[in-house]
Amino acid sequence: MTTAFEELLTGWITRQRWFAGKGRALEKVTVVSDVPLGPGLRHVIVAVRQNGHDDRYQLLIGEREDIPARLAHARIDTTVYDAVHDADKTGFILDAMARDAEVGPLRFRHVPGEVIDTSPRSLVIGAEQSNTSLVFGDSYICKLFRRLIPGVNPELEIVTALARQGSQHVAKPYGWIEIDLDGQNTTLAIMQEFLTAASDGWALALTSVRDLYASMPGVPAGEAGGDFAAEAFRLGAATAQVHRELAAAFPTGVIEAPEIKRMAETFRNRLERAVAEVPELGDHAAVAHEAFDRLADVTGPVPVQRVHGDYHLGQVMRTPTDWVILDFEGEPGQPLEERRALSSPLRDVAGMLRSFDYAARHLLADREDAAELAPRAREWSQRNRMSFLDGYADGGGRLHDDDDVLLRALELTKAVYEVVYEARNRPTWVPIPLSAFRDDG
Ligand SMILES: Nc1ncnc2c1ncn2[C@@H]1O[C@H](COP(=O)(O)OP(=O)(O)O)[C@@H](O)[C@H]1O
Ligand SMILES: O=P(O)(O)O[C@H]1O[C@H](CO)[C@@H](O[C@H]2O[C@H](CO)[C@@H](O)[C@H](O)[C@H]2O)[C@H](O)[C@H]1O
């Protein structure tokens with residue numbers, strides 16, 4: 001029988017930005033774990049049933065007799081609200097990490113040797129996110145994973161390994177929260193150094209694109225002011241460096257013809273599933289099939305290693321000294337084994353190339369002069385894609401004979417993923433990844 005609380009959550013959860021099940025009917029919400037953390041604060045895990053399959057989500061639930069106006073946006077009911085927004089309650093996380101506390105099944109941990117300052121108060125960042133991040137003062141950012149996948153989150157695994165190696169390109173880890181789910185140690189949250197004087201790559205790239213659009217017609221992208229090419233180059237070099245660090249910290253290998261064929265087959269299957277969900281993609285499927293057929297003919301060997309897996313401009317931040325890379329958890333929708341599997345590092349290169357295209361095009365959507373600006377979008381995208389690739393090679397990123405074919409296939413399979421992602425989350429953005437399948441871009 002559904003409880004009143006579960007009933008409440010049913011309407012609320014589907015409206016959350018981080019809810020991954022959009023586009024599918026919701027059958028049932030069941031509370032599977034409910035742990036009191038302190039007065040008026042509970043840690044709740046719910047199972048959300050869709051198409052007969054359960055996905056688990058993590059919630060921090062607050063209860064107050066009267067919910068103050070400052071928490072009105074977090075209200076779930078008259079007395080129940082999303083407590084991630086309540087700085088009077090979230091300090092619990094810092095306290096518990098500092099003490100390595102165990103609360104019921106929850107284990108709070110800090111990185112050995114680090115001292116956690118428990119004084120800063122939290123704010124939820126307003127990012128377009130698949131999870132929820134709390135910023136504590138100028139010190140920490142704590143990401144609560146919303147959809148829970150049993151197992152250690154690749155982000156925790158990778159960031160702690162790279163930080164231990166002294167990497168300059170990751171934000172220092174401070175702590176995490178874990179629980180056993182289906183018998184597996186599962187990461188619920190990760191807390192890292194908050195990069196105060198940093199800007200995210202997406203915002204920087206958009207500023208550059210805006211500058212170009214605002215410049216006189218005919219002014220080349222390199223002379224328009226706010227040119228991004230030098231940053232794209234530096235980002236390419238940082239990416240190559242992180243790929244080297246990942247190769248040093250985790251196993252590496254090569255794949256040969258049969259596995260490459262299987263990869264091409266996986267891409268075709270993903271395309272078919274995507275076309276079934278977003279029929280517009282069907283008009284472009286031939287271009288992708290051709291790229292995947294060419295990939296199937298590659299004999300290899302193709303080097304593989306741990307990679308970022310969901311690499312785009314929103315995952316990199318420019319600090320005063322260099323680029324820092326965030327969010328090593330792979331594509332949020334994929335199973336953990338797949339996200340942890342060894343891949344060609346070109347997968348990340350392809351992700352970032354797609355992102356330059358996104359940055360160039362997404363500002364066109366609402367503009368009356370979109371047709372005139374389209375060639376400039378192409379120019380900006382091409383210029384920065386080339387600079388990124390030059391920086392990648394300059395930073396020691398290895399490029400091989402079959403890489404054009406592999407890179408093209410990886411870009412198109414990413415664009416397939418993006419079409420589905422946009423259809424579910426931001427339908428007006430679907431034309432952006434669709435343009436990747438057109439020869440004229
Ligand atoms: N260490 C950090 N310092 C400053 N800002 C950060 C840090 N980590 C993440 N952010 C900000 O939070 C946003 C979302 O973080 P991310 O890890 O990508 O979350 P998600 O997996 O939910 O997308 C980033 O785009 C960035 O703006
Ligand atoms: O950052 P997340 O792990 O949540 O990644 C998901 O959301 C991203 C959008 O926020 C999405 O990225 C796509 O949009 C970006 C612009 O907003 C663009 O720069 C990327 O190139 C594009 O893929 C990502 O695919 C998704 O997994």
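Numbering of residues begins at 1 and proceeds along the displayed sequence. Both counts, for ligands and for their atoms, begin at 1 and track the order of listing. Values in this document were obtained by computation on a predicted structure and should not be read as measured data.
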Quiz item: Short question: side chain of Thr239, backbone of Leu235 - any donor-acceptor pair under 3.5 Å?
Solution: yes
Quiz item: Is there a nitrogen or oxygen of Ser130 sitting under 3.5 Å from a nitrogen or oxygen of ligand 2?
Solution: yes
Practice problem: Flag the pair Arg121 and Asp88 as a salt bridge only when some basic side-chain nitrogen lies within less than 4.0 angstrom of an acidic carboxylate oxygen. | Solution: yes
Self-check item: For Phe194, the ligand 1 atoms whose distance to one of its heavy atoms is below 4.0 Å
Solution: 3 (N), 4 (C), 5 (N)
Quiz item: Among Trp429, Tyr421, Tyr417, which one has a heavy atom closest to atom 25 (O) of ligand 2?
Solution: Tyr417
Quiz prompt | Atoms of ligand 2, numbered as shown, that sit under 4.0 Å from any heavy atom of Ser355 | solution = 18 (C), 19 (O), 20 (C), 21 (O)
Quiz prompt | Approximate separation, where rounding is to 0.5 Å, of Asp310 CG and Ser130 OG | solution = 7.5 Å
Quiz item: Salt bridge or not for Arg385 and Glu411, using N-O below 4.0 Å?
Solution: yes
Quiz item: Are any of the N/O atoms in Trp202 less than 3.5 Å from those in ligand 2?
Solution: no
Exercise. Run the numbers for me: atoms of ligand 2, each under 4.0 Å from some heavy atom of Asp327, listed by number.
Key: 1 (O), 3 (O)
Quiz prompt | Aromatic plane relationship, Phe388 with Tyr392 - under 30° parallel, 30 to 60° tilted, over 60° perpendicular | solution = parallel
Quiz item: Taking only heavy atoms of Met317, which atoms of ligand 1 are found under 4.0 Å from at least one of them?
Solution: 4 (C), 5 (N), 6 (C)
Quiz item: Does a donor on one side chain and an acceptor on the other come within less than 3.5 Å for Trp202 and Gln315?
Solution: no
Quiz prompt | Contact (N/O only, under 3.5 Å) between Lys414 and ligand 2 | solution = no
Quiz item: For Ala189, does its backbone N or O pair with a side-chain atom of Thr187 as donor and acceptor, under 3.5 Å?
Solution: no
Exercise. Run through Asn153, Val242, Leu156 and flag the one making a side chain to side chain contact (heavy atoms under 4.5 Å, CB included) with Phe328.
Key: Val242
Quiz item: Can you find an N or O of Tyr358 that's nearer than 3.5 Å to an N or O of ligand 2?
Solution: no
Quiz item: Which atoms from ligand 1 have a heavy atom of Ala171 less than 4.0 Å away?
Solution: 1 (N)
Practice problem: Within a distance under 4.0 Å of any heavy atom of Asn131, pick out the atoms of ligand 1 and give their elements. | Solution: 20 (P), 21 (O), 22 (O)
Quiz item: Do any N/O atoms on Asp310 end up under 3.5 angstrom from N/O atoms on ligand 2?
Solution: yes
Quiz item: When you check the gap from the basic side-chain N to the acidic O, do Asp327 and Lys143 get nearer than 4.0 Å?
Solution: yes
Quiz item: Does any N or O atom in Asp200 lie less than 3.5 angstrom from one in ligand 1, N or O only?
Solution: no
Exercise. Return yes or no for this condition: an N or O of Glu329 is under 3.5 Å from an N or O of ligand 2.
Key: no
Practice problem: For Ile125, take its heavy atoms, then give the atoms of ligand 1 lying under 4.0 Å from any of them. | Solution: 11 (C), 12 (O), 13 (C)
Quiz item: Using a heavy-atom cut-off of under 4.0 Å, does the side chain or the backbone of Ile141 touch ligand 1, or both, or neither?
Solution: side chain
Practice problem: May I ask you to decide if Ala409's main-chain N or O and Lys414's side chain share a donor-acceptor pair within less than 3.5 Å? | Solution: no
Exercise. Would you mind telling me if ligand 2 is within reach of the side chain of Arg426, the backbone, both or neither, using heavy atoms under 4.0 Å?
Key: side chain
Quiz item: Under 4.0 angstrom from ligand 1, any heavy atom of Ser130?
Solution: yes
Exercise. Mind checking whether Asn131 contacts ligand 2 via backbone (N, CA, C, O), side chain (CB onward), both or neither, at a 4.0 Å heavy-atom cut-off?
Key: neither
Quiz prompt | Numbered atoms and elements of ligand 1 in range of Gln315, under 4.0 angstrom, heavy atoms | solution = 18 (O)
Practice problem: Please determine if Gly314 has a nitrogen or oxygen closer than 3.5 Å to a nitrogen or oxygen of ligand 1. | Solution: yes
Quiz prompt | Residues Arg70, Asp86: salt bridge by 4.0 Å N-O rule | solution = yes
Quiz item: Do Tyr174 and Phe194 have their ring centres less than 6.0 Å from each other?
Solution: no
Exercise. Quick one: closest heavy-atom pair of Leu271 and Ala288, and the distance?
Key: CD2-CB, 3.8 Å
Exercise. Compute the shortest N/O to N/O distance between Ser133 and ligand 1 and return yes if it is under 3.5 Å, no if not.
Key: no
Quiz item: When you measure from the side chain of Asn384 to the backbone N and O of Ala229, does any donor-acceptor pair fall under 3.5 Å?
Solution: yes
Self-check item: Atom indices of ligand 1 within 4.0 angstrom of Glu329 heavy atoms, with elements
Solution: 21 (O)
